[in-house]
Amino acid sequence: MRRFVSSMFSFRFFPRVLLFVVTRWEEERSTDGSKWRFLEHKGPVFAPPYEPLPGKVKFYYDGKPMKLSAPAEEVATFFAKMLDHEYTTKDIFRKNFFKDWRKEMTSEEKSTITDLNKCNFSEMSEYFKAQSEARKQMSKEEKQVDLQENERLLQEYGFCIMDNHKERIGNFRIEPPGLFRGRGDHPKMGMLKRRIRPEDIIINCSKDSKHPKPPPGTKWKEVRHDNKVTWLASWTENIQGSIKYIMLNPSSRIKGEKDWQKYETARRLKKCVDRIRSQYRDDWKSKEMRIRQRAVALYFIDKLALRAGNEKEEGETADTVGCCSLRVEHIKLYPKMDEQEYVVEFDFLGKDSIRYYNKIPVEKRVFKNLQLFLENKQPEDDLFDRLNTSILNKHLQELMDGLTAKVFRTYNASITLQQQLKELSSDDSVPAKILSYNRANRAVAILCNHQRAPPKTFEKSMQNLQTKIDEKQNQLSAARKQLKAAKADHKASHDEKSKKAVEVKRKAVQRIEEQLMKLQVQATDREENKQIALGTSKLNYLDPRISVAWCKKYGVPIEKIYNKTQREKFAWAIDMAEKDYEF
DNA sequence: ACTAAGACTTGGAAAAAATGCA
DNA sequence: TGCATTTTTTCCAAGTCTTAGT
């Protein structure tokens with residue numbers, strides 16, 4: 001298998017002559033941990049420099065116009081651009097912004113501007129709105145110029161050479177300065193994200209490559225040649241002090257292989273999941289508290305597809321949790337609820353401050369254990385006080401090579417898709433099959449709690465669709481009447497012409513029925529999808545070979561399931577999977 | 001064993017582009 | 001053809017997990 005895939009990638013991405021060499025290399029690579037032999041690129045594209053506002057666009061403090069120094073003005077424009085956003089009404093956002101803004105001010109500005117509430121950014125805000133309006137109104141030719149410039153930049157900076165092949169870079173533009181927008185109740189929202197200069201950038205490339213040149217008059221922070229990592233450039237961001245990277249696009253060999261590997265690990269879990277499950281069920285009875293906690297946590301991770309839940313530094317980020325970091329306040333126990341026994345109610349904020357709310361009946365043993373874990377604890381205490389992700393993953397590693405908590409999410413997502421597709425797929429029309437596929441995808445998204453805010457125009461969009469359906473229904477009954485009439489006509493005359501007319505009308509009815517069905521399917525799909533986000537599971541959790549096989553088996557064109565970008569990302573799977581592929 | 005740093009995957013929102021419709 | 005709607009792409013934040021350092 002290893003050989004096959006290596007050569008598959010080689011075949012796609014390398015000239016034939018290199019096939020042997022590369023295959024051999026790929027097998028070597030896994031042992032010494034190097035990710036490439038040759039890497040050449042042009043370095044990142046920097047954010048355009050700040051353009052001062054025209055003199056007529058004024059900032060007012062306490063009702064009086066005030067000319068700001070360029071650095072203070074730039075930061076003010078960041079705020080002005082967000083004026084319509086809810087963020088700017090939040091206390092923490094305003095406080096953080098004001099504090100960082102003041103750091104950019106001259107000493108005079110600092111002494112004058114002491115209260116954000118006395119600042120009037122509205123002219124700035126209007127100016128930017130007018131600008132973006134003007135951009136929309138640009139002629140085709142003017143837009144073309146912009147597009148061409150973009151394309152030029154992409155061609156020059158958007159690709160690199162990695163091991164003899166030209167690869168697309170994921171994010172070759174450096175993030176522009178602006179105000180940090182965290183998600184949820186983030187304590188750092190509104191802080192100034194500073195401008196990144198060449199002096200902040202570490203370049204990674206191979207020694208024997210043409211090194212990227214920093215912009216004239218500047219220097220890189222460092223140029224290194226580390227082939228144990230996949231990134232091309234990095235810098236340290238000033239809000240959390242974390243490192244940001246420029247890496248390759250998902251269509252690249254290096255990402256594709258890793259992705260494939262991830263699903264292979266999940267398939268290995270499939271082989272031993274029964275053993276692991278009976279093991280943790282046994283562990284519910286352990287004499288040791290830490291083992292019981294580990295076993296209950298693993299049960300949640302497996303059954304509910306919860307994330308691992310690393311510890312987070314308090315006050316640095318929004319207060320969110322995963323399985324191991326659940327607190328007493330996040331669960332409620334109900335010995336009896338409605339018709340069910342031993343119900344656990346989960347209510348907590350997970351990744352990106354997305355709420356997880358679920359009520360599930362659990363085994364009696366799990367319930368009793370939870371009661372035990374809760375004893376003598378305060379709401380803000382850890383539910384699993386003897387457990388963290390490191391302990392859990394160490395245990396998982398012993399159960400299966402390469403097993404970590406997140407593999408359960410991948411495994412359960414993919415196996416759910418496969419099962420759902422088996423249950424739902426019929427020999428319906430293509431649109432009906434696609435509805436089935438989306439429903440299977442939706443089951444996974446629900447399992448993984450991938451939610452979205454309902455689109456702002458959702459209601460209207462549903463109404464529009466309903467109107468179309470009504471119209472189509474009217475068309476259909478009209479067409480049916482005509483068919484009936486044509487039949488009657490044919491019965492009376494029995495001639496060729498009337499027979500043809502019947503056929504024509506029959507066809508028309510059939511066509512309209514199809515169109516109506518398509519619309520109805522679309523409406524169902526959209527309604528069911530109101531608060532569900534399918535993208536993440538499709539892109540990150542579902543073994544693409546399951547989808548490819550399903551398409552082949554049911555004669556659905558792959559384009560109906562994956563758009564161009566997705567087909568590029570999953571090229572390996574599209575080439576690899578046959579209709580009988582089993583996850 | 002523990003912590004911090006580092007590397008990489010996963011995540012929804014927003015912007016941009018494509019498509020549909022009058 | 002111009003506008004509205006839908007789909008795709010971009011953006012960059014926020015997780016997971018590994019590695020390095022002590």
Side-chain angles (χ1 to χ4, degrees), chain A residues 33 35 82 85 87 132 135-137 140 143 146-147 150 154 170-176 178 180-184 186 188-189 193 202 204 226 228-231 234 236-237 239-250 254-255 258-259 261-262 301 306-313 316-318 320-325 349-354 388-394 396-397 402-410 413 445 448-453 455-458 460-462 464-465 468 522 526 531-541 562-566 568-569:
Chain A
K35 308 281 171 67
M82 291 178 72
H85 206 289
Y87 272 118
S132 77
R135 274 186 61 82
K136 273 189 215 152
Q137 297 304 323
K140 251 196 185 141
K143 281 183 183 164
D146 274 24
L147 286 175
N150 248 329
L154 173 67
N171 55 326
F172 58 94
R173 290 168 202 273
I174 300 279
E175 293 171 21
F180 176 79
R181 307 147 91 119
R183 292 176 189 251
H186 197 115
K188 299 195 173 186
M189 63 167 75
K193 242 175 69 166
I202 301 173
N204 193 32
D226 181 357
K228 300 281 195 289
V229 298
T230 68
W231 52 268
S234 73
T236 301
E237 147 283 338
I239 303 289
Q240 324 269 359
S242 66
I243 308 171
K244 299 242 177 171
Y245 302 93
I246 288 182
M247 290 187 188
L248 297 193
N249 187 277
I254 209 158
K255 295 285 187 193
K258 195 85 187 293
D259 206 33
Q261 216 178 69
K262 174 181 78 185
I301 285 171
L306 299 189
R307 295 185 187 82
N310 285 307
E311 300 103 300
K312 305 167 78 184
E313 218 175 324
E316 293 292 300
T317 61
T320 63
V321 298
C323 185
C324 294
S325 51
L349 296 182
K351 181 177 178 181
D352 294 317
S353 293
I354 300 287
N388 61 40
T389 55
S390 161
I391 294 170
L392 179 65
N393 280 335
K394 222 161 260 160
L396 293 176
Q397 183 59 47
L403 187 60
T404 63
K406 89 194 212 1
V407 179
F408 282 88
R409 254 168 99 84
T410 312
C448 293
N449 199 40
H450 291 144
Q451 298 186 34
R452 61 167 182 179
K456 288 190 177 63
T457 53
F458 184 84
K460 204 171 99 209
S461 139
M462 281 313 289
N464 290 160
L465 204 49
K468 276 195 204 167
Q522 209 185 346
R526 193 175 297 179
Q531 307 202 57
I532 312 287
L534 298 186
T536 296
S537 51
K538 198 172 186 178
L539 238 46
N540 301 299
Y541 287 105
Y562 291 139
N563 67 33
K564 187 166 145 282
T565 314
Q566 294 164 340
E568 281 166 8
K569 167 165 176 167

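Only heavy atoms go into these numbers, but all of them, side chains included; no hydrogens, no water, no symmetry mates. We name chains A, B, ... by the order of the sequence lines, and we start the count at 1 in each one.
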Apply side chain to side chain donor-acceptor pair (under 3.5 Å) to A/Arg181 and list each qualifying residue two or more places apart in sequence or on a separate chain.
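For A/Arg181 there are no side chain to side chain donor-acceptor pair (under 3.5 Å) partners, ignoring immediate neighbours.
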In whole angstroms, how far is the [atom2] atom of [N] from the [atom1] atom of [X]?
X        : N      : atom1 : atom2 : result
A/Glu311 : B/dA1  : CD    : C1'   : 13 Å
A/Asn388 : C/dG15 : CG    : P     : 17 Å
A/Ile391 : C/dT16 : CD1   : C1'   : 17 Å
A/Tyr562 : C/dT9  : OH    : P     : 15 Å
A/Asn310 : C/dC17 : CG    : C1'   : 7 Å

By nearest heavy atom, map A/Gly322 and A/Ile174 onto DNA chain C; which one lands nearer the 5' end?
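The residue closer to the strand's 5' end, by nearest nucleotide, is A/Ile174.
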Nearest-nucleotide comparison on DNA chain C, the residue closer to the 5′ end among A/Asn393 and A/Glu237
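The 5'-side residue here is A/Glu237.
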Evaluate A/Cys448 against A/Arg409 for side-chain contact (heavy atoms from CB on, under 4.5 Å), listing each step before the verdict.
CA-CA 7 Å; A/Cys448 293; A/Arg409 254 168 99 84; 3.8 Å; yes
Report yes or no: do A/Lys312 and A/Thr320 form a side-chain donor-acceptor pair below 3.5 Å?
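Looking only at side-chain atoms, A/Thr320 and A/Lys312 do form a donor-acceptor pair, the distance falling under 3.5 Å.
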Give me, pair by pair, the N or O atoms of the protein and of nucleotides 19-21 of chain B that are less than 3.5 Å apart, along with how far apart they are.
| unit_1 | atom_1 | unit_2 | atom_2 | d |
| --- | --- | --- | --- | --- |
| B/dC21 | OP1 | A/Lys468 | NZ | 2.8 |

For a 4.5 angstrom cut-off between non-hydrogen side-chain atoms, does A/Thr317 reach A/His186?
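Sidechains of A/His186 and A/Thr317: in contact.
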Please examine the side chains of A/Tyr245 and A/Thr230, heavy atoms only from C-beta on, and report whether any two atoms are closer than 4.5 Å.
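A side-chain contact is absent here, since even the closest heavy-atom pair is not under 4.5 Å.
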Pull out every protein N or O sitting under 3.5 Å from an N or O of nucleotides 20-22 of chain C, one pair per line with the distance.
none

May I ask you to verify if any side-chain N or O of A/Gln240 is less than 4.0 angstrom from the OP1 or OP2 atom of C/dA14?
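Indeed, a polar side-chain atom of A/Gln240 lies that close.
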State whether A/Thr320 places a side-chain N or O below 4.0 Å from either non-bridging phosphate oxygen (OP1 or OP2) of C/dG15.
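Answer is yes, contact under 4.0 Å.
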I'd like a list of close polar pairs between nucleotides 2-8 of chain C and the protein, N/O only, cut-off under 3.5 Å.
| unit_1 | atom_1 | unit_2 | atom_2 | d |
| --- | --- | --- | --- | --- |
| C/dT5 | OP1 | A/Lys460 | NZ | 3.1 |
| C/dT5 | OP2 | A/Lys460 | NZ | 3.2 |
| C/dT6 | OP1 | A/Arg526 | NH1 | 2.9 |

Between the two ends of the helix from B/dA1-C/dT22 to B/dA22-C/dT1, what is the bend in degrees, rounded to 10 degrees, where each end axis spans five pairs?
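Axis-to-axis angle, ends of the helix: 10°.
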Treat primed atoms plus P, OP1 and OP2 as sugar-phosphate and everything else as base, then score nucleotides 7-16 of chain B 5' to 3': B for base contact with protein heavy atoms under 4.0 Å, S for sugar-phosphate contact only, - for none.
BBSBBBSS--
Assess whether a salt bridge exists between A/Asp259 and A/Lys262, defined as any Lys/Arg side-chain N lying under 4.0 Å from an Asp/Glu carboxylate O.
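Salt bridge flag = yes for A/Lys262 with A/Asp259.
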If you take all heavy atoms of A/Leu392 and A/Ala405, which pair is closest and at what distance?
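That would be CD2-CB, 4.3 Å.
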Is the number of heavy atoms from other residues, nucleotides or ligands under 6.0 Å of A/Lys394 NZ greater than 12?
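For A/Lys394, atom NZ is not crowded (no more than 12 foreign heavy atoms under 6.0 Å).
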